[in-house]
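Only one structure is covered here, and it is reproduced in the block below.
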Amino acid sequence: MRNSEIAAFFNALADLLEIDGANSFRVRAYRNGARTLDSTNADLTRMVEDEDNLTELDGIGKDLAEKIITIIQTGSLPQLLEMQKKIPAGVVEMLRIPGIGPKKVGTFYRDLKIESLEQLKEAAEKGELAKLKGFGKKTEETIIEGIDTLDLTNRRFYLAEAKGYADEIRNDLLKLESVKQAEVAGSCRRRKETVGDLDVLVTASDSAEAMDALAAHALVDKVIARGDTKQRVRLKNGIELDLRVVPEESYGAALVYFTGSKEHNIVLRRRAQERDLKLNEYGLFKEEKLVAGKTEEEVYQKLDLAWVPPELRESRIEFDLAEADKIPELLELEDIKGDLHMHTTASDGKASIAGMAEAAKQQGLKYIAITDHSKRVMMANGLDGKRLLKHWEEIDRVNEETKGIEILKGIECDILEDGTLDLEDEVLKQGDWVIAVLHYGLKQPRAKIMKRLMTAITNPYVHMIGHPTGRLILKRPGADIDMDEFLKACADHGTLLEINAHFSRLDLSEVHAAAAKDLGIPIVINTDAHSPEGYNVRQYGVYQARRAGLTKADVANTRSWAQMKKLMK
DNA sequence: GCCGTTTTCGGCCCGACTGTTTTCAGTCG
């Protein structure tokens with residue numbers, strides 16, 4: 001069973017307990033535990049088999065450890081089943097309505113026997129909810145509108161899309177006379193793979209001007225809430241954006257606060273408490289006196305920490321590093337010297353070899369590998385051995401004619417469902433760069449997937465596994481891989497791993513990339529471009545690498561091709 | 001339910017905004 005599936009048991013139980021009115025710290029304990037399971041690279045199924053001590057994981061005590069064992073051994077959790085009997089699934093679903101939380105949902109269920117979104121909407125329309133103590137007409141309207149727009153408001157967005165809107169609004173706010181500083185904060189600034197909503201922070205002499213401008217902005221659909229320092233709006237694409245206006249002396253503290261993550265902030269506040277200080281979005285205070293707040297650096301410094309790059313603020317590794325003043329110098333976009341995964345018109349790309357090479361040269365790259373699909377990918381016009389060898393001759397010819405960039409003969413070779421490679425070794429050995437990938441049969445059981453991956457890892461002519469899990473963010477999960485075993489095998493056989501930079505892949509994830517780094521596996525950041533515009537996703541690969549704590553040295557294609565070859569088998 | 005250089009009890013992050021209230025609970029981030 002996957003860690004995320006086990007985490008889902010705890011999150012489900014937390015929802016139910018919350019509606020049931022359980023102790024909120026107990027609820028939090030389940031959510032914290034779930035979060036640990038989601039972000040750990042440790043294979044829980046394996047740990048249970050090996051009888052490892054689960055309580056060594058953060059937020060996992062005796063009780064949760066036992067529940068994890070139960071889940072893995074039986075595939076279910078009695079306490080969850082019991083709660084599900086008590087509270088129907090439709091009740092939990094009501095939590096998805098914006099502005100409606102567990103307390104209200106609990107009241108609807110207990111006092112009015114409402115068990116589904118449909119029943120709730122009906123009750124709101126009949127005015128039955130307003131009869132309850134503490135409820136009124138506004139709440140009914142919130143519920144009706146919330147249910148009608150549920151599909152819109154519960155969406156998450158690719159970082160690429162969200163960041164585009166946030167940057168545009170930030171830049172427009174910065175043009176206002178009263179606005180001094182403006183920054184996009186939140187998960188967007190942390191460069192998370194997906195973004196639920198946007199946060200923009202400004203310092204301004206006049207908060208009304210910024211709020212009026214935002215309300216009138218072309219991207220904005222409607223204002224949801226507005227106070228003196230905070231305004232929430234919904235953009236036309238459905239994403240919601242919070243604007244916060246803070247005084248200049250609080251800008252750094254506010255930036256820390258609104259960048260998050262929530263978990264990172266909790267640790268910071270605890271550190272503040274331990275030092276008899278109080279941290280909020282207005283600054284770090286000793287009693288009533290402001291100790292730090294103008295810059296992020298001084299806030300961290302007063303908490304005995306080095307400044308933490310936003311990408312690392314997930315309460316995973318950053319506090320140990322910041323405390324020891326060992327925050328690594330993270331990878332920068334300019335460090336990347338080559339791109340080793342792309343397509344041309346030979347398979348499903350839009351541009352020629354020369355076209356891709358010219359565009360790469362414009363971006364300052366020193367080398368590229370042309371890696372069209374192999375024959376299994378029929379719909380992409382994948383190449384068989386004969387066509388590939390001809391294609392490689394053509395690449396050699398174009399390379400001869402092209403100055404200023406080296407063009408390498410590559411292939412994106414499928415690992416077939418039966419565990420063999422789509423092309424013969426006899427062909428593969430003639431190329432410069434061989435990527436092996438899973439495209440089909442991603443739903444096969446773990447053992448079968450692992451066998452396929454091992455074929456590729458141990459093949460002497462396969463240099464790298466591309467988009468290792470095959471996931472598509474917001475669309476489908478990746479293959480069920482035993483990551484520990486997979487990474488160890490790659491380390492043992494000198495097989496490199498990709499961070500595919502496309503914003504819908506970002507595969508490896510940051511957790512897996514960090515684990516690969518720990519094993520000394522060189523990471524290659526590639527765009528998988530199907531046209532020259534496709535190169536533009538490179539920055540997202542770099543963000544992902546930064547979130548994994550990767551430096552220039554950890555990434556193979558920051559080197560020259562000659563240097564990089566020394567890392568390859 | 002978790003956790004511990006004040007350890008097995010008593011804490012557990014903090015503030016803005018809304019809607020419903022006359023002082024606050026619920027929700028959200």
Side-chain angles (χ1 to χ4, degrees), chain A residues 10 13-14 17-19 21-36 54-68 79 94-108 129-143 146 153-154 185-190 192 195-201 207 211 223-233 240-246 250 253-254 256-285 303 315:
Chain A
F10 290 155
L13 189 51
L17 287 169
E18 215 169 9
I19 293 169
N23 178 308
S24 61
F25 296 111
R26 187 174 162 220
V27 173
R28 188 190 295 175
Y30 279 108
R31 294 207 195 283
N32 286 343
R35 186 176 170 275
T36 295
L54 295 168
T55 59
E56 276 171 19
L57 296 165
D58 277 347
I60 304 297
K62 192 161 168 285
D63 184 274
L64 264 65
E66 277 171 20
K67 288 191 168 73
I68 292 170
Q79 290 88 342
M94 295 182 216
L95 292 175
R96 293 170 54 211
I97 306 168
I100 302 301
K103 292 288 193 306
K104 286 182 178 153
V105 167
T107 303
F108 298 146
L129 304 182
K131 293 178 193 159
L132 293 167
K133 187 170 156 42
F135 290 82
K137 203 162 173 42
K138 275 283 194 179
T139 308
E140 291 182 330
E141 286 168 14
T142 302
I143 285 170
T153 50
N154 275 266
S187 52
C188 203
R189 183 164 180 242
R190 303 200 312 277
K192 268 198 81 167
V195 172
D197 60 9
L198 300 169
D199 298 273
V200 176
L201 182 66
S207 70
M211 289 188 184
V223 176
I224 295 171
R226 175 168 175 167
D228 292 337
T229 64
K230 175 180 168 179
Q231 178 175 241
R232 189 169 179 87
V233 299
E240 293 184 1
L241 180 146
D242 277 334
L243 173 68
R244 304 288 297 232
V245 185
V246 297
S250 301
V256 169
Y257 186 90
F258 294 112
T259 297
S261 63
K262 194 175 155 194
E263 291 76 14
H264 182 86
N265 287 351
I266 287 171
V267 176
L268 288 180
R269 287 209 199 86
R270 207 177 291 143
R271 287 184 77 94
Q273 279 187 331
E274 288 163 6
R275 289 162 180 75
D276 278 326
L277 300 167
K278 190 177 81 169
L279 178 64
N280 59 31
E281 59 261 58
Y282 297 109
L284 187 62
F285 296 89
L303 296 174
S315 187

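Treat the numbers as computed from the prediction; the structure is a model and nothing was measured. Lettering follows sequence order; numbering is per chain, from 1.
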How long is the line joining [atom1] of [X] and [atom2] of [N], in whole Å?
X: A:Ile143; N: B:dT18; atom1: CD1; atom2: P; result: 18 Å
X: A:Gln231; N: B:dT18; atom1: CD; atom2: P; result: 10 Å
X: A:Leu243; N: B:dC17; atom1: CG; atom2: P; result: 11 Å
X: A:Glu141; N: B:dG19; atom1: CD; atom2: P; result: 9 Å
X: A:Ile224; N: B:dG29; atom1: CD1; atom2: P; result: 10 Å
X: A:Arg271; N: B:dC14; atom1: CZ; atom2: C1'; result: 18 Å

Which residues pass the salt bridge (charged side-chain N to carboxylate O under 4.0 Å, His left out) test with [X], not counting sequence neighbours?
X: A:Lys131; result: none
X: A:Asp58; result: none
X: A:Glu281; result: A:Arg244
X: A:Arg271; result: A:Glu323

Results of side chain to side chain contact (heavy atoms under 4.5 Å, CB included) for A:Ile19 - residues two or more places apart only = A:Ile87, A:Val91, A:Val92, A:Leu95, A:Pro102, A:Val105
For A:Glu66, all residues meeting side chain to side chain contact (heavy atoms under 4.5 Å, CB included), sequence neighbours excluded | A:Lys62
Can you tell me how far [atom1] in [N] sits from the matching atom in [M], rounded to whole Å?
N: B:dT22; M: B:dC28; atom1: P; result: 23 Å
N: B:dT23; M: B:dT18; atom1: C1'; result: 15 Å
N: B:dT20; M: B:dG26; atom1: P; result: 14 Å
N: B:dT6; M: B:dC2; atom1: P; result: 23 Å
N: B:dC12; M: B:dC17; atom1: C1'; result: 24 Å
N: B:dT8; M: B:dC14; atom1: C1'; result: 28 Å
N: B:dG15; M: B:dG10; atom1: P; result: 25 Å
N: B:dG1; M: B:dT5; atom1: P; result: 23 Å

Grab the two heavy atoms, one from A:Ser250 and one from A:Tyr282, that are nearest each other, plus how far apart they are.
->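 Closest approach of A:Ser250 to A:Tyr282, heavy atoms only: OG-O, 2.8 Å.
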A:Phe10 versus A:Ala34, closest heavy-atom pair with distance |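 Looks like CB-CB, 4.0 Å.
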What are the residues of residues 274-282 of chain A, sorted by number, that bring a heavy atom to within less than 4.0 Å of DNA chain B?
-> A:Lys278, A:Leu279, A:Asn280, A:Glu281, A:Tyr282
List in numerical order all residues of residues 256-263 of chain A for which some heavy atom is under 4.0 Å away from an atom belonging to DNA chain B.
-> A:Tyr257, A:Lys262
Tell which nucleotide pairs with B:dT8, taking only Watson-Crick or G-U wobble pairs whose two distances are both under 3.5 angstrom.
-> none
Short side-chain N/O contact from A:Thr139 to OP1 or OP2 of B:dT20, under 4.0 Å | yes
Produce a footprint string for nucleotides 22-28 of chain B: one letter per nucleotide, 5' end first; B if the base is under 4.0 Å from any protein heavy atom, S if only the sugar-phosphate is, - if neither.
-> ----SSS
Sugar-phosphate or base contact per nucleotide [nucleotides 1-11 of chain B; S, B, -; heavy atom under 4.0 Å] = BSS--------
So which one's nearest nucleotide on DNA chain B is more toward 5', A:Glu240 or A:Lys138?
->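 The 5'-side residue here is A:Lys138.
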Reckon A:Thr229 touches a base, only the sugar-phosphate, or nothing at all at heavy-atom distances under 4.0 Å?
-> sugar-phosphate
Do the side chain of A:Asp197 and the main chain of A:Glu240 share a donor and acceptor less than 3.5 angstrom apart?
->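 No, A:Asp197 side chain to A:Glu240 backbone: no donor-acceptor pair under 3.5 Å.
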Counting distance only, does the side-chain N/O of A:Thr142 pair as donor-acceptor with the main-chain N or O of A:Lys138 below 3.5 Å?
->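 The answer is yes, because a donor-acceptor pair under 3.5 Å joins these two groups.
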What's the verdict on side-chain contact (heavy atoms from CB on, under 4.5 Å) for A:Val233 and A:Leu243, showing C-alpha distance, side-chain angles and the deciding distance?
-> CA-CA 8 Å; A:Val233 299; A:Leu243 173 68; over 6 Å; no
Below 6.0 angstrom between ring centroids: does that apply to A:Phe108 and A:Phe135?
->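 For A:Phe108 and A:Phe135, the ring centres are under 6.0 Å apart.
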If you round to the nearest 0.5 Å, how far is NE2 of A:His264 from OG1 of A:Thr259?
-> 9.0 Å
In chain order, what residues pass the side-chain hydrogen bond (donor to acceptor under 3.5 Å, both in side chains) check against A:Arg190, with sequence neighbours excluded?
->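 Applying side-chain hydrogen bond (donor to acceptor under 3.5 Å, both in side chains) to A:Arg190 gives A:Glu314.
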Chi class for B:dT6: syn within 90° of 0, otherwise anti =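 Anti.
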Going by the salt bridge (Lys or Arg N to Asp or Glu O under 4.0 Å) test, which pairs reach into residues 26-35 of chain A, not counting sequence neighbours?
-> A:Asp15-A:Arg31, A:Glu18-A:Arg31, A:Arg35-A:Glu263
